[in-house]
Amino acid sequence: MINFYKNTWHGSFDGTDEELSLLLSRCTDIVNNAIAFSGYTVDTVPDIFKARVSKAVCAHADYIDNNGGIDSLTAVSYTHLRAHETSQDL
């Protein structure tokens with residue numbers, strides 16, 4: 001994904017390759033969650049959709065980078081998630 005980000009997407013991230021790899025990994029998780037209903041993942045999506053899915057990962061990476069970076073992605077506690085589930089069940 002790093003090669004796609006740098007050579008096809010021409011992303012604006014200016015950190016190290018290790019930092020970019022971590023960012024793209026997190027963004028891959030985000031896109032995987034978004035397309036889970038299809039039964040595919042970023043890695044298994046048919047070739048006809050591969051470029052679109054890769055662009056989605058890269059767009060998320062640029063968005064996160066431009067809005068606080070990886071440090072802005074905070075872990076959410078299990079209790080917090082359960083509170084949301086409970087409030088939605090009311």
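Atoms considered below: every heavy atom in the structure, side chains included; atoms not considered: hydrogens, waters and symmetry mates.
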message: Looking at Asn67 and Tyr63, would you say the former's side chain and the latter's main chain have a donor-acceptor pair under 3.5 Å?
response: yes
statement: The salt bridge (charged side-chain N to carboxylate O under 4.0 Å, His left out) partners of Lys6 (sequence neighbours excluded) come to Asp17
Nearest non-hydrogen partners of [X] and [Y], listed with the distance:
X	Y	answer
Ser21	Ile2	CB-CD1, 3.8 Å
Val42	Val57	CG2-CG2, 4.0 Å
Leu24	Ala61	CD2-CB, 3.8 Å
Thr44	Thr41	OG1-N, 2.8 Å
Phe13	Thr16	CE2-O, 3.6 Å

Are side-chain heavy atoms of [X] and [Y] found at a separation under 4.5 Å?
X	Y	value
Cys58	Met1	yes
Asp62	Tyr5	yes
Arg26	Ile64	no

message: As an exercise, state the distance from NE2 of His60 to OG1 of Thr28, rounded to the nearest 0.5 Å.
response: 10.5 Å
- prompt: How long is the gap from SG on Cys27 to CG on Asn32, to the nearest 0.5 Å?
  reply: 11.0 Å
statement: Here the salt bridge (Lys or Arg N to Asp or Glu O under 4.0 Å) pairs for residues 28-56, sequence neighbours left out, are none
message: Among residues at least two apart in sequence or on other chains, which ones pass side-chain hydrogen bond (donor to acceptor under 3.5 Å, both in side chains) with Ser38?
response: none
message: Starting from Phe37, can I reach Tyr40 by hopping between I/L/V/M/F/W/Y residues whose side chains sit under 4.5 Å apart?
response: no
